[in-house]
Number of protein chains: 2
Amino acid sequence: MISQTAEYALRAIVFLAMNKDSAFTTRQISKATRVPSAYLSKVMRALGKANLVKSQRGFGGGFILTKAPDKMTILEILNAVDPVRRIRTCPLGLEAHGTNLCALHKEIDGATAIIEETFSKATIADILSKPTKSIPLIG
Amino acid sequence: MISQTAEYALRAIVFLAMNKDSAFTTRQISKATRVPSAYLSKVMRALGKANLVKSQRGFGGGFILTKAPDKMTILEILNAVDPVRRIRTCPLGLEAHGTNLCALHKEIDGATAIIEETFSKATIADILSKPTKSIPLIG
DNA sequence: AATAATCTGGACATAGATGTCCAATTCGTC
DNA sequence: GACGAATTGGACATCTATGTCCAGATTATT
């Protein structure tokens with residue numbers, strides 16, 4: 001459904017949102033989210049480029065969210081690391097089709113649109129506030 | 001959204017459904033759907049194993065659907081080549097979570113469920129009957 | 001200023017998805 | 001039965017996603 005990288009990015013963001021007033025290092029986030037730390041480093045860079053987290057180098061540095069969890073959607077995070085790709089032109093490259101998708105690709109794109117819509121409405125704050133038997137990520 | 005392999009499988013099935021009374025060879029399907037023929041051969045095998053097409057070897061052989069297009073759903077085809085994976089246990093492998101997904105994974109699995117639901121309701125016959133400016137796959 | 005902690009960027013390694021190829025098998029036609 | 005058409009199965013090649021590593025830059029502390 002979503003890539004491994006996207007899964008990692010979401011875990012990291014949720015973790016930061018749970019502790020949104022302090023910065024955390026890659027190693028700390030890695031430990032809490034069980035994401036390989038070297039790889040997480042890459043993912044965090046991508047999140048930084050997309051302006052979802054800001055980073056501070058050096059001693060006492062780390063990552064922190066750039067905005068409140070209720071302003072941050074799952075879709076934004078996915079798009080930062082592994083963009084949702086809508087189908088805009090005929091995947092067969094048929095000139096005659098061009099921008100008019102056939103029914104098959106309309107259907108697939110329709111499903112993609114539903115996902116996009118669903119994830120655009122789901123904020124990180126929603127995740128944190130949802131009653132559940134398991135605290136997100138940890139124990 | 002869906003893998004390349006799944007896209008290819010859907011094209012092949014739709015093509016066969018459009019001509020559901022005769023058999024077509026890999027080469028013919030490949031030409032019509034613009035799927036690399038050697039790779040399509042593999043995809044067709046997978047569809048055969050899943051009992052969505054039956055094959056006939058030798059002269060005059062080829063592939064034909066095993067059932068009517070209105071009995072065949074997109075989900076079945078996806079599951080034949082690239083199964084929709086629901087999240088059933090905590091992806092972090094946290095013992096304490098076990099089968100109780102945290103809110104993040106509930107959300108992701110929820111989206112997966114929506115896709116599963118959508119595609120389980122969409123039959124190949126639906127695709128063929130939908131009014132559209134572009135005939136599926138061809139011209 | 002020296003040091004240690006931390007991110008940044010990029011090179012490299014591994015694994016899985018995608019794609020190609022060929023020998024073996026099956027089947028219809030002659 | 002010989003031949004050509006077609007699938008089957010598996011080996012191999014290539015590309016992309018995932019994962020590891022290290023040198024360089026930045027920062028707080030001393």
Side-chain angles (χ1 to χ4, degrees), chain A residues 1-12 15-16 22-66 78-85 91-93, chain B residues 1-12 15-16 22-66 78-85 91-93:
Chain A
M1 178 67 192
I2 66 173
S3 70
Q4 192 66 21
T5 304
E7 158 85 24
Y8 291 165
L10 286 169
R11 287 189 205 171
F15 174 75
L16 290 178
S22 34
F24 289 85
T25 68
T26 300
R27 190 161 303 277
Q28 290 173 314
I29 302 171
S30 162
K31 205 154 198 176
T33 60
R34 299 205 174 182
V35 175
S37 82
Y39 193 60
L40 178 61
S41 167
K42 263 192 184 171
V43 174
M44 295 312 294
R45 261 183 270 169
L47 293 174
K49 280 191 181 169
N51 252 313
L52 296 173
V53 300
K54 55 188 163 191
S55 60
Q56 177 70 34
R57 296 212 264 197
F59 197 102
F63 295 92
I64 193 167
L65 296 187
T66 54
L78 294 186
N79 279 335
V81 297
D82 188 12
V84 172
R85 281 162 315 184
L92 283 76
Chain B
M1 178 67 191
I2 65 173
S3 70
Q4 193 66 21
T5 304
E7 158 86 24
Y8 291 165
L10 285 169
R11 287 189 204 171
F15 174 75
L16 290 178
S22 34
F24 289 86
T25 68
T26 300
R27 190 162 302 276
Q28 289 172 315
I29 302 171
S30 162
K31 205 154 197 177
T33 60
R34 299 207 174 179
V35 175
S37 82
Y39 193 61
L40 178 61
S41 167
K42 264 192 184 171
V43 175
M44 295 311 295
R45 263 183 269 169
L47 293 175
K49 279 191 181 170
N51 252 315
L52 296 173
V53 300
K54 56 189 163 190
S55 59
Q56 177 70 35
R57 295 213 262 197
F59 195 100
F63 295 93
I64 193 167
L65 296 187
T66 54
L78 294 186
N79 279 335
V81 296
D82 189 11
V84 173
R85 281 162 316 184
L92 283 76

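We use all heavy atoms of the structure for the numbers below, so side chains are in, but hydrogens, waters and symmetry mates are not. Here is the naming used below: chain letters follow the sequence lines, and residue numbers restart at 1 for every chain.
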Report task. Could you tell me whether the side chain of A/K42 has a donor or acceptor atom within less than 3.5 Å of a complementary atom in the base of D/dG19? Result ->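 Such a pair is found, so the answer is yes.
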
Would you mind reading off the distance between [X] atom [atom1] and [N] atom [atom2], rounded to a whole angstrom?
X: B/L47; N: D/dT8; atom1: CG; atom2: P; result: 11 Å
X: A/I29; N: C/dT6; atom1: CD1; atom2: P; result: 12 Å
X: B/E7; N: C/dT18; atom1: CD; atom2: P; result: 11 Å
X: A/R11; N: D/dT18; atom1: CZ; atom2: P; result: 12 Å
X: A/F24; N: C/dC7; atom1: CZ; atom2: P; result: 12 Å
X: B/R27; N: C/dC21; atom1: CZ; atom2: C1'; result: 12 Å
X: A/R34; N: D/dT18; atom1: CZ; atom2: P; result: 20 Å
X: B/D82; N: C/dA17; atom1: CG; atom2: P; result: 8 Å

Requested in this report: Could you say whether A/Q4 or B/G62 is positioned toward the 5' end of DNA chain D, judged by the nucleotide with the nearest heavy atom to each?
Outcome: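 The residue whose closest nucleotide sits nearer the 5' end is B/G62.
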
Requested in this report: With DNA chain D as reference, determine whether A/G58 or A/S37 sits nearer its 5' end, using the nearest nucleotide of each.
Outcome: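 Whichever sits nearer the 5' end wins; that is A/S37.
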
Taking the minimum atom-to-atom distance to the side chain of [X], which one of [options] wins?
X: A/Q56; options: D/dT26, D/dA28, C/dG19; answer: D/dA28
X: B/Y39; options: D/dT8, C/dG19, D/dG19; answer: C/dG19
X: B/T26; options: C/dC7, D/dT7, D/dT18; answer: D/dT7
X: B/R57; options: D/dT26, C/dT26, C/dT18; answer: C/dT26
X: A/A38; options: D/dT18, D/dT20, C/dT18; answer: D/dT20
X: A/R45; options: C/dG10, C/dG19, D/dT7; answer: C/dG10

Return all side-chain donor-acceptor pairs below 3.5 angstrom for residues 35-57 of chain B, not counting sequence neighbours, or 'none' if the list is empty.
| unit_1 | atom_1 | unit_2 | atom_2 | d |
| --- | --- | --- | --- | --- |
| B/Y39 | OH | B/T5 | OG1 | 2.7 |

So, does [X] get its side chain near the phosphate of [N], meaning an N or O under 4.0 Å from OP1 or OP2?
X: B/S55; N: D/dT8; value: yes
X: A/Y8; N: D/dG19; value: yes
X: A/T5; N: D/dT18; value: yes

Requested in this report: Scan B/G48 against the nucleic acid and name what it touches under 4.0 Å (heavy atoms): base, sugar-phosphate only, or nothing.
Outcome: nothing

Query raised in the report: Reckon A/S41 touches a base, only the sugar-phosphate, or nothing at all at heavy-atom distances under 4.0 Å?
Result: base

**Report entry** Shortest non-hydrogen contact from A/I29 toward A/T33
**Finding:**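 Closest heavy-atom pair between A/I29 and A/T33: O-OG1, 2.7 Å.
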
Query raised in the report: Which pair of non-hydrogen atoms, one from B/A9 and one from B/V81, has the smallest distance, and what is that distance?
Result: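 The pair with the smallest heavy-atom distance is CB-CG1, 4.0 Å.
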
**Report entry** Along DNA chain C (nearest heavy atom to each residue), the more 5'-positioned of B/L40 and A/F59
**Finding:**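 First, find each residue's nearest nucleotide; the 5'-ward one identifies A/F59.
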
Query raised in the report: Taking C-beta and beyond as the side chain, do A/N79 and A/V84 meet within less than 4.5 Å on heavy atoms?
Result: yes

**Report entry** Any side-chain heavy-atom pair of A/R11 and B/P91 under 4.5 Å
**Finding:** yes

**Report entry** B/L16 and B/F63: CA distance, side-chain angles, deciding distance, side chain to side chain contact (heavy atoms under 4.5 Å, CB included) verdict
**Finding:** CA-CA 8 Å; B/L16 290 178; B/F63 295 93; 4.1 Å; yes

